[in-house]
Amino acid sequence: SFEKDQLTKNSRIKKCNCQKSIIQNGDFSDGSSTGDIDREVNLPHWHQGTNTPRYISSTGYSTPGRVYMWGNKAVAESIWQEVKFEKGKKYKGCFAFKFVPVSDRVNSSKNIRFKLLASKTSTLNTINCTSGTCQEITTSQTVMEEDEWQEHNFEGWMANDDYNYLFVLPETDVNENSAEAIYDCFFDD
């Protein structure tokens, strides 16, 4: 959930609530069935960014629907939505995420965090912003393998330009492009 003005108090009721949210289908409850986003599943307002993020129709953080992604510092899956960020305006928001243990990952750095990026293009295919094309909105705290769902709240992010897209992607401290060095996670609300 995102909003320009007022974020309602979150009393740990397992829901990020915003008044005047500029995000559509932010809780992912409006999806068809489990599968790859844009390939097998229509997830209204959300699109596949990089690689093959999956929509999971079962209950996530607080409602049915969540997104399953993997990533690290070198490579990641991502999703995007068309969102208008206006230069000079401040934004605040929140989201929930969770590390998903996968037994065949051999790297010892078993943690995950999420990064939100504002972009000028829907074809952003990098996990880091390059000057003039995008701006980092926030990076969440890092959660470890044994952690449950976590919330990340932020406020006061100011757009340094006009941007048309929101990108969501996971990352870790590992900088290796291999199947064994990526970690899996859920993103929701």
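In this text the structure is predicted, and so the values were computed from the model without any measurement.
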### Message
Walk me through whether Tyr68 and Asp184 qualify under side chain to side chain donor-acceptor pair (under 3.5 Å).
### Response
CA-CA 7 Å; Tyr68 183 89; Asp184 301 64; 2.8 Å; yes

### Message
Before you tell me yes or no, could you show the steps for Leu166 and Ile23 under side-chain contact (heavy atoms from CB on, under 4.5 Å), namely the whole-Å CA-CA distance, both residues' side-chain angles and the distance that decides it to 0.1 Å?
### Response
CA-CA 9 Å; Leu166 167 68; Ile23 301 296; 3.5 Å; yes

### Task
Test side chain to side chain donor-acceptor pair (under 3.5 Å) on Ser62 and Asp189 and set out the steps.
CA-CA 8 Å; Ser62 66; Asp189 287 346; 2.5 Å; yes

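Under the 3.5 Å distance criterion, the side-chain polar atoms of Gln135 are matched with a main-chain donor or acceptor of Asn160. Side-chain atoms of Glu176 never come within 3.5 Å of backbone atoms of Ala181 as a donor-acceptor pair (strictly under, hydrogens ignored).
Under the side-chain hydrogen bond (donor to acceptor under 3.5 Å, both in side chains) criterion, Thr59 pairs with no residue at all, not counting sequence neighbours. His47 meets the ring-ring contact (aromatic ring centres under 6.0 Å, His included) test with Trp80; sequence neighbours excluded. Legend: residues meeting salt bridge (Lys or Arg N to Asp or Glu O under 4.0 Å) with Asp36, ordered by chain and number and at least two apart, are Arg54. Contacts of Ser122 classified as side-chain hydrogen bond (donor to acceptor under 3.5 Å, both in side chains), with partners at least two apart in sequence or in another chain: none. Take Asn177 and apply the side-chain hydrogen bond (donor to acceptor under 3.5 Å, both in side chains) test, not counting sequence neighbours, and it matches no residue. Take Asp161 and apply the salt bridge (Lys or Arg N to Asp or Glu O under 4.0 Å) test, not counting sequence neighbours, and it matches Lys120. With sequence neighbours left out, the side-chain contact (heavy atoms from CB on, under 4.5 Å) criterion links Thr123 to Thr121. Not a single ring-ring contact (aromatic ring centres under 6.0 Å, His included) links Tyr163 to another residue, sequence neighbours left out. Ser57 pairs by the side-chain hydrogen bond (donor to acceptor under 3.5 Å, both in side chains) definition with Thr34, not counting sequence neighbours. Annotation: ring-ring contact (aromatic ring centres under 6.0 Å, His included) contacts of Phe28 (sequence neighbours excluded): Trp46.
Each of Thr139, Thr172, Asp173 was evaluated against Arg113; a single residue qualifies, Asp173, per the side chain to side chain donor-acceptor pair (under 3.5 Å) test.
Met69 places a side-chain heavy atom less than 4.5 Å from the side chain of Val67. Looking at Val75 and Ile182, their side chains come closer than 4.5 Å, going by heavy atoms from C-beta outward. Residues Asn72 and Glu171 fail the side-chain proximity criterion, which asks for heavy atoms closer than 4.5 Å.
Sequence neighbours left out, the pairs with a member in residues 113-143 that pass ring-ring contact (aromatic ring centres under 6.0 Å, His included) are Phe97-Phe114, Phe114-Phe187.
Side chains of Glu40 and Tyr55: a donor-acceptor N/O pair is absent below 3.5 angstrom, by distance only. Between Gln150 and Ser140, the side chains place no donor N or O within less than 3.5 Å of an acceptor N or O (distance only, hydrogens not considered).
Annotation for Lys87 and Asp162: closest pair N-OD1, 2.7 Å, computed over non-hydrogen atoms.
Ring planes of His152 and Phe95: tilted class, angle from 30 to 60°.
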